[in-house]
Amino acid sequence: MGANKICFNDVRYRQGFLEVTANIHPGHINLETWQIHPDLDISGKQSDEVLADDSVTANTEIELNVEQAKALVASLEAAIARASVSERPADVDR
């Protein structure tokens with residue numbers, strides 16, 4: 001199975017792409033993010049359409065083992081449940 005790429009741009013100054021790929025390193029899940037300059041409109045675009053060097057402002061790549069990936073999924077599901085009721089974490093500046 002190839003990489004799954006997600007475009008996110010609801011908050012323009014934090015917009016970019018997330019790529020999830022299994023087994024780049026056996027038994028691991030690779031997460032890679034690209035933060036894209038906020039002046040660039042990435043609506044409806046794929047990462048390979050807009051990833052010119054000057055449009056990428058940050059890049060991070062990590063490898064998770066299966067247990068770490070499961071912990072991430074659990075954390076995401078909990079955050080989704082809280083966000084679904086528009087609750088803001090107490091430690092976020094308003």
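In what follows, residues are counted from 1 in the order of the sequence shown.
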Is I62 close to N30 at the side-chain level, that is, under 4.5 Å between some pair of heavy atoms?
-> no
Nearest 0.5 Å please: distance from the CG atom of N65 over to the NE2 atom of H28.
-> 5.0 Å
Can you tell me how far the CD1 atom of I36 sits from the OG atom of S55, to the nearest 0.5 Å?
-> 4.5 Å
For V66, the side-chain contact (heavy atoms from CB on, under 4.5 Å) test, sequence neighbours excluded, returns I29, K70
Which is it for N59 and T33 under the side chain to side chain donor-acceptor pair (under 3.5 Å) test, yes or no, and what are the steps along the way?
-> CA-CA 6 Å; N59 173 267; T33 63; 5.9 Å; no
Common cluster, L72/F17, ILVMFWY with side-chain heavy-atom separation under 4.5 Å | no
Which distance, rounded to the nearest 0.5 Å, do you find between the OG1 of T21 and the CD of E61?
-> 8.5 Å
Can you establish whether the number of heavy atoms outside R12 located under 6.0 Å from its atom CZ is more than 12?
-> yes
Starting from Y13, walk the hydrophobic network (Ile, Leu, Val, Met, Phe, Trp, Tyr; side-chain heavy atoms closer than 4.5 Å) and list everyone else you reach, by chain and number.
-> V11
Starting at NZ of K5, measure out to CD of E19 and round the result to the nearest 0.5 Å.
-> 5.0 Å
Same cluster for V73 and L64 if Ile/Leu/Val/Met/Phe/Trp/Tyr side chains link at under 4.5 Å?
-> no
Are W34 and L40 co-members of a hydrophobic cluster defined by side-chain heavy atoms under 4.5 Å apart?
-> yes
With no hydrogens and no angle check, is any side-chain donor or acceptor of H25 less than 3.5 Å from a backbone partner on N23?
-> no
Of the non-hydrogen atoms in F8 and L18, which two are nearest, and what is the gap between them?
-> CE2-N, 3.6 Å
Could you tell me which non-hydrogen atom of E63 sits nearest to which non-hydrogen atom of Q68, and how far apart they are?
-> O-OE1, 4.1 Å
Measure from the side-chain N and O atoms of Q15 to the backbone N and O of D41, and report whether any donor-acceptor pair falls under 3.5 Å.
-> no
